[in-house]
Amino acid sequence: MTVSAGPVAVAQRLRDGMAGGVLSFPLTAFRDDGALDPDGYRAYVAERLAAAPGAVFPACGTGEFFSLDEDEYRQVVTITVEEAAGRVPVVAGTGYGWAQAVRFARIAEDAGADALLVLPHYLVAAPQDGLVAQLEQIAARTPLPLIAYQRGQVAFTADSLRRIAAVANVIGLKDGHSDLDRLQRLTLAAPEDFLFFNGASTAEIQARAYATVGVPAYSSAVHAFAPEIAGAFFTALRDDDHGTVDKLLRDFYVPLVELRDRVPGYAVSLVKAAARLRGHPVGPVRAPLTDPSPADLTALTALLTAGLDLVGATL
């Protein structure tokens, strides 16, 4: 077991990493029969790390956390920690109710993860007091720093944000609602050193808008299959190269979102299909997700080819 560096140190490492690269959310590799493929995952995550992300988030939404049993989760987080070898922070996903989230948290701690992303709880709507208590219960049972994730049925008010930020090992919030009015209120309510992340689906689409309310860091699903495109966008955005940003949005990201929106679950299964097109051994998605139809796979191939051409890369 690796001892966590503590919330302040981990937050600083994340802050430094976010300034230099996108946040990588690797896919979990499965074999054709649906079994976990540890060797395929190791090869895949090593390539993600070679593309210099700011941090790596295994076993989260893109990594199909909801489809992993505890042993598989342990293998995924352990492999990621081994491959990262301290170069970037490793933030593992956890979730469901707080009791189950703590089980995963202890596995991640034993595997050497630096922090946890607390995914939205399972199924039920909850009042603000309950959303705060969920994080308090997890935080009381793990020394690992926590990043809350608001999406779906989880949406914090400014008052609740103040309450969770007062918990010693809650260091940040990832936002997937894209309600910039609410998000601005949250950033103003938070302590100065509290971290915020743009977690919108295909976050590059809204990256400029998020930055205007003080949230420049974002997760990139595109980094999971085309780090050349993700890197070019990140650099252009950082350098205020609006011409390049607009071209990549217009000719790649917007068409990708339009394709993604055709079928529920394509936010993951299209990413996995694109990774397979690049030769990465990640395999299929697990049910209840479904792999893209032949027609959508053809459209994805054409779009990916065109996107890579924009940045001087090839399929």
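No hydrogens, no waters, no symmetry mates; every other heavy atom, side chains included, goes into these values. FYI, the numbering just counts along the sequence from 1.
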Judged by atom type as modelled, is there a donor-acceptor pair below 3.5 Å linking the side chain of [X] to the main-chain atoms of [Y]?
X    : Y    : value
E204 : V245 : no
Y73  : G93  : yes
R31  : L36  : yes
Y218 : A211 : no
S269 : T290 : yes
R276 : G283 : yes
Q128 : T157 : yes
T187 : Q184 : yes
H280 : A29  : no
R48  : P26  : no

To the nearest 0.5 Å, what is the distance between [atom1] on [X] and [atom2] on [Y]?
X    : Y    : atom1 : atom2 : value
D239 : T244 : CG    : OG1   : 9.5 Å
R182 : D175 : CZ    : CG    : 9.0 Å
L249 : I205 : CG    : CD1   : 5.5 Å
F225 : L308 : CZ    : CG    : 8.5 Å
L27  : T62  : CG    : OG1   : 6.5 Å
L116 : I138 : CG    : CD1   : 8.5 Å

In terms of heavy-atom contacts, does CG of D32 have more than 12 from other residues, nucleotides or ligands at under 6.0 Å?
no
Within 6.0 angstrom of R87 CZ, more than 12 heavy atoms from elsewhere:
yes
Do [X] and [Y] make a side-chain contact, defined as non-hydrogen atoms from C-beta onward lying under 4.5 Å apart?
X    : Y    : answer
F104 : L68  : no
L270 : R262 : no
T94  : T142 : no
L186 : F196 : yes
V91  : L23  : no
L256 : V222 : yes
L248 : V311 : yes
K272 : F30  : yes

[Y]/[X] salt bridge by N-O under 4.0 Å criterion:
X    : Y    : value
R42  : E82  : yes
R278 : E228 : yes
R185 : D181 : yes
R163 : D129 : yes

Is the F197 to Y210 ring centre distance short of 6.0 Å?
no
Going through the distances and angles, do R208 and H242 end up as a side chain to side chain contact (heavy atoms under 4.5 Å, CB included)?
CA-CA 10 Å; R208 282 190 295 202; H242 297 295; 3.3 Å; yes
I need the minimum non-hydrogen distance between [X] and [Y], along with the two atoms involved.
X    : Y    : answer
I229 : G307 : CD1-C, 3.5 Å
F65  : A59  : CB-O, 3.0 Å
A273 : L300 : CB-CD2, 3.8 Å

S201 and R151: side-chain donor and acceptor closer than 3.5 Å?
yes
